[in-house]
Amino acid sequence: AAMVQKYQSPVRVYKHPFELIMAAYERRFPTCPLIPMFVASDSVNEYKSEDEAIHVIERRCKLDIDAPRLLKKIAGVDYVYFIQKNSLNRRERTLHIEAYNETFSNRVIINEHCSYTVHPDNEDWTCFEQSASLDIKSFFGFESTVEKIAMKQYTSNIKKGKEIIEYYLKQLEEEGITFVPRWTPPVACKSESGTSHPRRPVSPAINIPDCATKEGLSNKEILNTTSSPSEPTAGTPDDKLDADYIKRYLGDLTPMQESCLIRLRQWLQETHKGKIPKDEHILRFLRARDFNIDKAREILCQSLTWRKQHQVDYILDTWNPPQVLQDYYAGGWHHHDKDGRPLYVLRLGQMDTKGLVRALGEEALLRYVLSINEEGLRRCEENTKVFGRPISSWTCLVDLEGLNMRHLWRPGVKALLRIIEVVEANYPETLGRLLILRAPRVFPVLWTLVSPFIDDNTRKKFLIYAGNDYQGPGGLLDYIDKEIIPDFLGGECMCEVPEGGLVPKSLYRTAEELENEDIKLWTETIYQSASVFKGAPHEVLIQIVDASSVITWDFDVCKGDIVFNIFHSKRAPQPPKKDSLGAHSITSPGGNNVQLIDKVWQLGCDYSMVESPLICKEGESVQGSHVTRWPGFYILQWKFHSMPACATTNLPRVDDVLASLQVSSHKCKVMYYTEVIGSEDFRGSMTSLESSHSGFSQLSAATTSSSQSHSSSMISR
């Protein structure tokens with residue numbers, strides 16, 4: 001298979017006039033001490049126009065390529081010959097250089113094009129650009145070796161190009177040559193042809209010293225309005241990247257990395273009419289795919305489509321986060337870290353993720369996170385200007401103080417995973433560092449659920465501190481200045497980040513409300529509602545193949561009081577009969593009602609109880625998990641909670657009677673969600689799940705746990 005490598009350089013700007021640069025360039029021939037591999041060159045062809053404005057010279061160059069001796073032996077050559085054709089136009093002030101290989105031209109095709117031209121905005125400056133392609137058809141089975149050698153030699157020469165011109169400029173200066181006059185047409189020509197070019201006014205060439213360009217600004221910024229921050233659109237297609245701009249705003253890139261950026265950007269300008277992303281953002285996608293231009297292009301295009309669909313470009317200007325978010329989302333921007341990266345502080349442990357999802361739905365939460373990321377991009381750009389060096393990512397500090405089972409609420413974790421996925425796809429390489437502080441014992445469980453979704457590059461940037469370790473050596477002070485450590489972490493800086501807290505139940509929206517709003521919200525697709533009647537519990541069957549799987553549940557008691565049970569049976573229950581005329585067949589949207597446990601089954605014989613019963617009052621949210629000890633069938637049951645008779649008289653008390661009358665037709669309602677997590681998904685964290693249970697009792701309002709089956713349920717009121 002033929003391999004084609006392409007290279008395109010940025011624009012290199014010399015702050016010297018074209019004629020002086022030409023005088024320096026000519027000194028490279030016939031040989032040049034700075035390029036040891038350039039052994040000799042002979043002129044094979046030459047043409048000069050009568051007025052000396054045009055000068056074309058073709059040279060045969062002899063190169064001693066630094067290649068293994070064995071390869072030279074196999075190839076049977078000691079030197080490689082190139083043909084180089086230089087076309088100088090003194091009138092237009094341009095030099096075009098074309099080069100190609102003569103040796104092995106049937107096996108390897110190398111083409112190079114370079115040009116020296118006058119800077120479009122300053123006629124006393126000169127621009128240099130080069131592009132090349134390498135196509136290896138065949139090389140005695142050594143194609144990839146030859147490709148590596150060629151690329152290595154080529155990129156090292158790219159770096160030398162600038163040094164060589166500067167070396168000869170200095171040599172000229174030492175000889176007292178700092179000015180070379182421009183070409184002027186001979187007087188005789190003028191009378192002959194009336195169409196001679198009007199002569200451009202000659203201004204004396206002045207060498208502008210480097211320091212004249214404002215400190216910290218590149219020529220591009222001074223000369224080019226396209227990069228001004230107020231203009232969101234990218235430059236016009238003829239707007240090219242120059243080397244100084246890349247160094248100042250994008251960082252130290254290798255020649256091939258620069259080339260990838262320039263080619264991808266060029267492709268975007270040709271194919272995406274309208275707005276294309278900023279250079280630093282294109283670069284992030286290249287970095288995320290190790291500068292594989294095709295892979296980077298693919299993820300970048302997907303992201304551009306996504307941005308268009310969701311109007312992400314306008315999110316900062318047009319979207320106002322709902323008040324609930326502003327009050328209860330415990331995150332915000334807070335100065336910058338020691339590297340100048342914007343710092344985002346998230347007090348996850350103080351945040352009621354469940355409440356936020358229930359009050360807003362997942363979409364609003366995701367939108368909010370996107371607006372935070374957009375703001376992050378804006379801050380990186382801002383800090384790049386302020387600190388005088390490229391800053392393309394931010395640091396995130398997550399405080400887990402207060403994290404408990406509530407955060408392991410599965411729909412909440414699911415929402416988190418989807419958010420991580422969207423952010424990973426559309427904001428690659430934006431997380432410079434993630435500091436996780438005060439990680440509690442529950443943390444490993446959360447981590448094993450989340451980590452498979454996080455890119456390996458990103459995962460390397462995580463630092464996790466348990467307890468107060470962050471105050472010790474290697475802790476927070478290594479990354480953040482003492483003056484800005486937030487007060488809640490024992491620092492002196494008042495931190496404006498909201499404190500979070502529980503979202504009031506009154507702000508929750510029910511599945512019905514969400515339906516009425518015609519938003520197909522994620523919460524309703526994940527929750528199911530069920531009705532429970534006196535004498536007709538609702539039961540859900542879960543079949544377990546692997547012992548030590550984890551059954552998780554999460555339900556809200558919307559109406560009435562219920563008792564929650566979990567049973568195990570070795571034999572499968574009969575599928576429930578659909579009794580269309582039965583007293584309890586539910587046609588209302590009030591949810592389903594299914595009985596699985598056969599009336600003739602005996603507890604302790606046909607099936608067994610694996611958890612002690614849990615009484616749940618109206619309005620409560622319950623979350624829990626059960627580690628299964630055996631395979632087989634597990635049944636979750638929500639049962640009507642009937643009032644106990646008065647102990648002494650065995651007669652119901654008056655207020656109990658009144659209460660039972662209020663429960664309309666003895667009907668309760670639950671919204672529930674269950675899921676089984678395979679033991680392999682915990683990837684060895686089963687032990688940490690079990691050991692952390694002892695800590696749950698301190699973490700949660702009410703806990704029932706039977707140590708025998710490693711289970712815990714938590715009620716949050």
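For the numbers below, each heavy atom of this structure counts, side chains included, while hydrogens, waters and symmetry mates do not. Since we're looking at a predicted model, the values are computed, not measured.
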Charged tip of Arg347 within 45° of Phe488 ring normal and under 6.0 Å: yes

Test item: Asp290 side-chain N/O and Asn292 main-chain N/O as donor-acceptor pair under 3.5 Å: no

Stepwise side-chain contact (heavy atoms from CB on, under 4.5 Å) test for Leu370 and Asn426: CA-CA 9 Å; Leu370 298 182; Asn426 298 290; over 6 Å; no

Side-chain donor/acceptor of Ser529 to backbone N/O of Val670, under 3.5 Å: no

Partner residues of Tyr368 under the ring pair (Phe, Tyr, Trp, His ring centres under 6.0 Å) criterion, sequence neighbours left out: Tyr329

Nearest-0.5 Å distance that lies between atom CG in Leu365 and atom CD1 in Ile419: 4.5 Å

Arg341 side chain reached by Ser393 side chain, heavy atoms, under 4.5 Å: yes

Check against side-chain contact (heavy atoms from CB on, under 4.5 Å), Phe633 and Leu596: CA-CA 11 Å; Phe633 301 93; Leu596 298 165; over 6 Å; no

Smallest separation among heavy atoms of Ser371 and Trp319, with atom names: OG-CZ3, 4.1 Å

Plane angle bin for Phe555 and Trp638 - parallel if under 30°, tilted between 30 and 60°, otherwise perpendicular: perpendicular

Within-4.5 Å side-chain heavy-atom neighbours: Val557 and Cys668: no

Minimum side-chain heavy-atom gap Glu675-Thr552 below 4.5 Å: yes

Asn593 and Ser531 side chains, donor-acceptor separation under 3.5 Å: no

Flag, side chain of Tyr427 to backbone of Gly376, donor-acceptor distance under 3.5 Å: no

Atom CD of Gln323: over 12 foreign heavy atoms under 6.0 Å: yes

Exceeds 12 heavy-atom contacts within 6.0 angstrom, atom CD of Gln326: yes

For Phe567, all residues meeting ring pair (Phe, Tyr, Trp, His ring centres under 6.0 Å), sequence neighbours excluded: Tyr607

Check: Arg571 and Trp601 side chains under 4.5 Å, non-hydrogen atoms: yes

Worked check of side-chain contact (heavy atoms from CB on, under 4.5 Å) between Ile436 and Leu348: CA-CA 10 Å; Ile436 295 176; Leu348 187 61; over 6 Å; no

Min side-chain heavy-atom separation Leu435-Ile480 under 4.5 Å: yes

side-chain contact (heavy atoms from CB on, under 4.5 Å) between Val503 and Asp327, worked out: CA-CA 9 Å; Val503 177; Asp327 296 341; over 6 Å; no

Atom pair CD1 (Ile544) and CD1 (Ile551), whose distance is rounded to the nearest 0.5 Å: 4.5 Å

Trace of the salt bridge (Lys or Arg N to Asp or Glu O under 4.0 Å) decision for Arg367 with Glu374: CA-CA 10 Å; Arg367 257 199 127 53; Glu374 287 298 307; over 6 Å; no

Within-4.5 Å side-chain heavy-atom neighbours: Ser569 and Asp606: no

Heavy-atom check, side chain of Leu346 versus side chain of Met351, under 4.5 Å: yes

Test item: side-chain donor near acceptor, Tyr672 and His538, under 3.5 Å: yes

Mutual orientation of the aromatic rings belonging to Trp333 and Trp394 [parallel < 30°, tilted 30-60°, perpendicular > 60°]: perpendicular

Side-chain heavy atoms of His626 within contact of Leu636, under 4.5 Å: no

Glu539-Gln595 side chain donor-acceptor pair, cut-off 3.5 Å: no

